[in-house]
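Reminder, nothing fancy here: chain letters follow the sequence lines and each chain counts from 1. Values below: every heavy atom of this structure, side chains too, minus hydrogens, waters and symmetry copies. Fair warning: this is a prediction, and the values are worked out from it, not measured in the lab.
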2 protein chains.
Amino acid sequence: MDMPSPDYPEVRRLHLFSGMAGEHYGALMRGAYVQNFPPQIELITEGETSDFLHIILSGSVDLFSSWNGRETSIATVRPISTFILAATIRDAPYLMSARTLEKSRIVLIPSQDVRAVFEVDNEFARAIVTELAQRYRAIVKITKNLKLRTSLERLANYLLQQREQAGGASAFDLEFEKRRLASLLGMTPENLSRAFKGLRPYGVSVKGNHIVIDIDKGIERFAKPDPLIDDPDS
Amino acid sequence: MDMPSPDYPEVRRLHLFSGMAGEHYGALMRGAYVQNFPPQIELITEGETSDFLHIILSGSVDLFSSWNGRETSIATVRPISTFILAATIRDAPYLMSARTLEKSRIVLIPSQDVRAVFEVDNEFARAIVTELAQRYRAIVKITKNLKLRTSLERLANYLLQQREQAGGASAFDLEFEKRRLASLLGMTPENLSRAFKGLRPYGVSVKGNHIVIDIDKGIERFAKPDPLIDDPDS
DNA sequence: CGCCGGAATTGATAAATGTCAATCCAATGA
DNA sequence: TCATTGGATTGACATTTATCAATTCCGGCG
């Protein structure tokens with residue numbers, strides 16, 4: 001299962017690593033290893049200190065958090081990207097837990113190696129800035145979405161985002177379980193069901209995880225998508 | 001009102017600038033200026049592109065955001081610290097607006113200068129990483145607070161935080177208007193009033209903006225503060 | 001001092017969201 | 001094929017939160 005010193009060109013090509021010195025990259029990878037995880041494995045538990053920087057090569061990972069017996073999904077990580085970079089850099093406890101959603105292949109780089117290379121490789125430091133700035137902006141958008149919109153509006157905008165991602169096709173499939181989607185959107189599964197019904201007048205129909213949107217029925221007028229909340233990048 | 005080439009030692013001492021080369025610091029400050037703003041001035045409007053990195057020397061600034069006629073406060077910035085760093089670094093549109101809450105003195109550094117120095121000064125780049133990681137973690141906590149807690153729980157934890165900040169004193173004053181507090185906590189002013197009443201059984205009494213907490217009445221047991229949500233630092 | 005105006009509070013009500021229990025449904029495996 | 005199982009849906013209901021309107025409170029000012 002383990003695989004020492006992985007040499008995945010796609011990792012090297014990641015923005016985070018592409019500019020750094022070869023020897024530093026080598027130093028990072030010497031201590032790293034790759035592992036395949038089955039679905040639903042908890043990779044990281046919030047509150048623990050950061051031992052490894054994680055990079056997901058395939059599959060998907062749920063970042064979630066718990067308090068007082070409640071739990072909520074905060075984001076989904078997809079290949080190829082790192083996660084829990086901020087905790088690694090600050091050598092601080094994880095604020096979120098992480099679990100595989102499906103079978104996933106993940107690179108683990110010891111946090112102390114990351115911090116050591118960060119101290120000596122300037123391009124790596126600069127790449128981390130870009131990465132962190134992007135993640136910061138992503139979660140600002142999540143917060144705005146939560147505070148400024150009702151659950152119906154959040155769902156409508158989520159569907160428009162997915163539609164966009166499917167190349168603007170009128171039909172597409174939901175990318176994960178509805179109960180997890182509900183949690184991401186900050187509502188209960190029961191409420192998500194009702195929200196889907198609530199969007200029917202705007203041309204949304206649902207069959208299992210298959211969605212069809214009749215774009216002429218005014219969903220955009222209802223959702224009022226805003227690049228400052230809904231654009232995944234920028 | 002304007003003041004070219006400011007030389008505030010407290011700016012130089014900021015973690016963000018303390019490690020960088022003197023000439024680079026000088027280059028940043030040559031293009032910078034300091035300005036005094038009255039209360040309620042909008043310094044930054046979301047959606048615009050980042051012209052200046054802002055540093056607050058005195059006073060306080062509200063970061064807020066709007067959508068579809070609604071508005072919400074997201075965070076408060078206090079001296080001495082920067083704000084809207086991520087947008088500056090990425091040369092991307094602001095995701096939040098900023099307004100002074102009181103009379104405030106603010107340093108403005110042209111964003112292009114910041115980016116130019118970022119490219120050549122390695123210590124500066126590393127300092128930005130630390131700063132961004134910290135801000136990222138701060139907003140993750142904000143999101144967790146919003147998604148995992150009811151408004152009553154958010155208020156209870158906020159009060160415990162303030163109490164802590166007042167040195168654990170049984171009495172302290174709220175630091176800003178209740179309607180703004182309501183917005184920060186994600187509720188309406190009316191609801192905040194009722195939430196204060198709802199905490200009365202737990203030993204919270206309110207008179208204007210003066211708060212007294214009888215800590216033995218079980219507010220901590222109710223609030224269940226959690227460092228992974230409520231600790232301002234780490 | 002008394003008036004004014006904005007914020008805060010209160011009450012009544014509505015809307016949004018959550019909870020609980022009872023199905024329904026679709027995928028899985030014997 | 002059928003039984004099992006877990007997610008999804010539905011209905012009934014409770015709770016939370018928002019809205020609207022009417023005071024009340026309080027600080028500044030004439």
Exercise. Separation of Leu192(B) atom CG from dA18(D) atom P, in whole Å?
Worked result: 11 Å

Exercise. Any side-chain donor-acceptor pair under 3.5 Å between Thr72(B) and Ser65(B)?
Worked result: no

Exercise. Does the side chain of Arg180(B) come under 3.5 Å of the side chain of Thr76(B) through a donor N or O and an acceptor N or O?
Worked result: yes

For this session: Would you indicate, yes or no, if dT10(C) has its OP1 or OP2 atom less than 4.0 angstrom from a side-chain nitrogen or oxygen of Lys197(B)?
Result: yes

For this session: Rounded to the nearest angstrom, tell me the gap between atom CG in Leu146(B) and atom P in dT17(D).
Result: 12 Å

For this session: Give the rounded distance in Å between these two atoms: CZ of Phe196(A) and P of dT9(D).
Result: 8 Å

Exercise. Within a radius of less than 6.0 Å around CD of Glu175(A), do more than 12 heavy atoms belonging to other residues, nucleotides or ligands occur?
Worked result: yes

Exercise. Looking only at side chains, do Thr100(A) and Gln40(A) share a donor and an acceptor under 3.5 Å apart?
Worked result: no

Seminar exercise, completed: In 5'-to-3' order, the base (B), backbone-only (S) or no-contact (-) status of each nucleotide in nucleotides 12-28 of chain C, using a 4.0 angstrom heavy-atom cut-off, is B----SBBB--------

For this session: Would you kindly give the CZ-to-P distance between Phe176(A) and dG6(D), to the nearest whole Å?
Result: 23 Å

Exercise. Under the ring pair (Phe, Tyr, Trp, His ring centres under 6.0 Å) rule, what pairs show up with a residue in residues 46-84 of chain A, not counting sequence neighbours?
Worked result: Tyr33(A)-Phe52(A), His54(A)-Phe83(A)

For this session: Figure out the CD/C1' separation between Glu177(A) and dT5(D), and round it to whole Å.
Result: 13 Å

Problem set entry | Over-ring placement of Lys178(A) relative to Phe196(A), 6.0 Å and 45° cut-offs | yes

